[in-house]
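What's counted below: heavy atoms across the whole structure, side chains too, no hydrogens, waters or symmetry copies. Residue numbers begin at 1 in each chain, while the letters A, B, ... track the order of the sequences.
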Amino acid sequence: MSAFRDRVLQIVSLIPPGRVAAYGQVALYAGFPRGARNVGWILHSSEGLVGPDFPWWRVVNNRGRITIKGSLFFSPHDQADLLRREGILVSEDLKLDIEAFRWRPPSTLSFGSGPIRTPSKN
DNA sequence: CAAGTGACGTAGA
DNA sequence: GTCTACGCCACTT
């Protein structure tokens, strides 16, 4: 258990139906700008520990591609199906227009420990 | 402690 | 558009 894990799970649960977020996006909002891989790891290791309402399928990579590998219960095609069910168009190649469906979090999104970090290459 | 692993991201070819 | 190489960071060996 870790604060990072809790934040990731909470943020993913905030993604509304019909929208998607990138792993890196979730990591960013959780306060770990470089933790994209860890988000995937968290979701993988949390499989089965979260309820059926937990929208893990709304997380895709930043190229708009479904690239899950570790799930014991779902295939990439299953994830695509869940997304299509919410109105998101996913090609047979497991690709979607992430810019068109990207989730824009409310500005109220914060966890008391600080504001959302925005990407800056300074 | 060092090396390996992985639902990723980015840059370069 | 594709693929490969490297960086990233929490975790496991």
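A:L83 places its CG atom 18 Å from the P atom of B:dA7, with the value rounded to the nearest Å. Put simply, CZ on A:F4 is 16 Å from P on C:dC8, counting in whole angstrom units. One interatomic measurement links the two molecules: OH of A:Y29 to P of B:dC8, which rounds to 18 Å at whole-angstrom precision. Between A:R7 atom CZ and C:dA10 atom P there is a gap of 13 Å when expressed in whole angstrom units. Rounded to whole Å, the distance from NE2 on A:H77 to C1' on B:dA7 is 18 Å. Atoms CZ (A:R65) and P (C:dC3) sit 6 Å apart, rounded to a whole Å. For the pair A:R34 CZ and B:dA11 P, the computed distance is 10 Å after rounding to whole Å. Nucleotide B:dA7 holds its P atom 16 Å from the CZ atom of A:F74, rounded to whole Å.
Under the 3.5 Å distance criterion, the side-chain polar atoms of A:R19 are left unmatched by any main-chain donor or acceptor of A:W103. Between the side chain of A:N61 and the main chain of A:R63, a donor-acceptor pair closer than 3.5 Å is present. A side-chain donor-acceptor contact under 3.5 Å links A:Q25 to the backbone of A:A22. With hydrogens and angles ignored, the 3.5 Å screen pairs a side-chain donor or acceptor of A:Q79 with a backbone N or O of A:W57.
A:V50 and A:L83 fall within a single hydrophobic cluster, where Ile, Leu, Val, Met, Phe, Trp and Tyr side chains are chained together by heavy-atom contacts under 4.5 Å.
Within the structure, a side-chain polar atom (N or O) of A:T67 is placed less than 4.0 Å from OP1 or OP2 of B:dC8.
Across B:dG9, C:dC8, C:dC11, the shortest atom-to-atom separation from the side chain of A:N62 is found for B:dG9.
Looking at residues two or more places apart in sequence or on another chain, you find a side chain to side chain donor-acceptor pair (under 3.5 Å) between A:N62 and A:R102. For A:D81, the salt bridge (charged side-chain N to carboxylate O under 4.0 Å, His left out) partners at least two apart in sequence or on another chain are A:R84. Applying the side chain to side chain donor-acceptor pair (under 3.5 Å) criterion to A:S75, with sequence neighbours excluded, gives A:D78.
Nucleotides B:dA7 and C:dT13 have their C1' atoms positioned 22 Å apart, rounded to a whole Å.
Within 4.0 Å (heavy atoms only), A:A22 reaches sugar-phosphate atoms of the nucleic acid but no base atom. Within 4.0 Å (heavy atoms only), A:S45 reaches no atom of the nucleic acid at all.
Among pairs with a residue in residues 40-49 of chain A, those fulfilling side chain to side chain donor-acceptor pair (under 3.5 Å) read A:R5-A:S46, A:E47-A:S71, at least two apart in sequence or across chains.
Taking a 4.0 Å limit (strictly below) on heavy-atom distances, residues 86-97 of chain A does not reach DNA chain B anywhere. Contacts between residues 35-43 of chain A and DNA chain C, counted as heavy-atom distances below 4.0 Å, involve A:R37, A:N38, A:W41.
When each of A:R63 and A:K69 is assigned the nucleotide of DNA chain B with its nearest heavy atom, A:K69 is the one assigned upstream, toward the 5' end.
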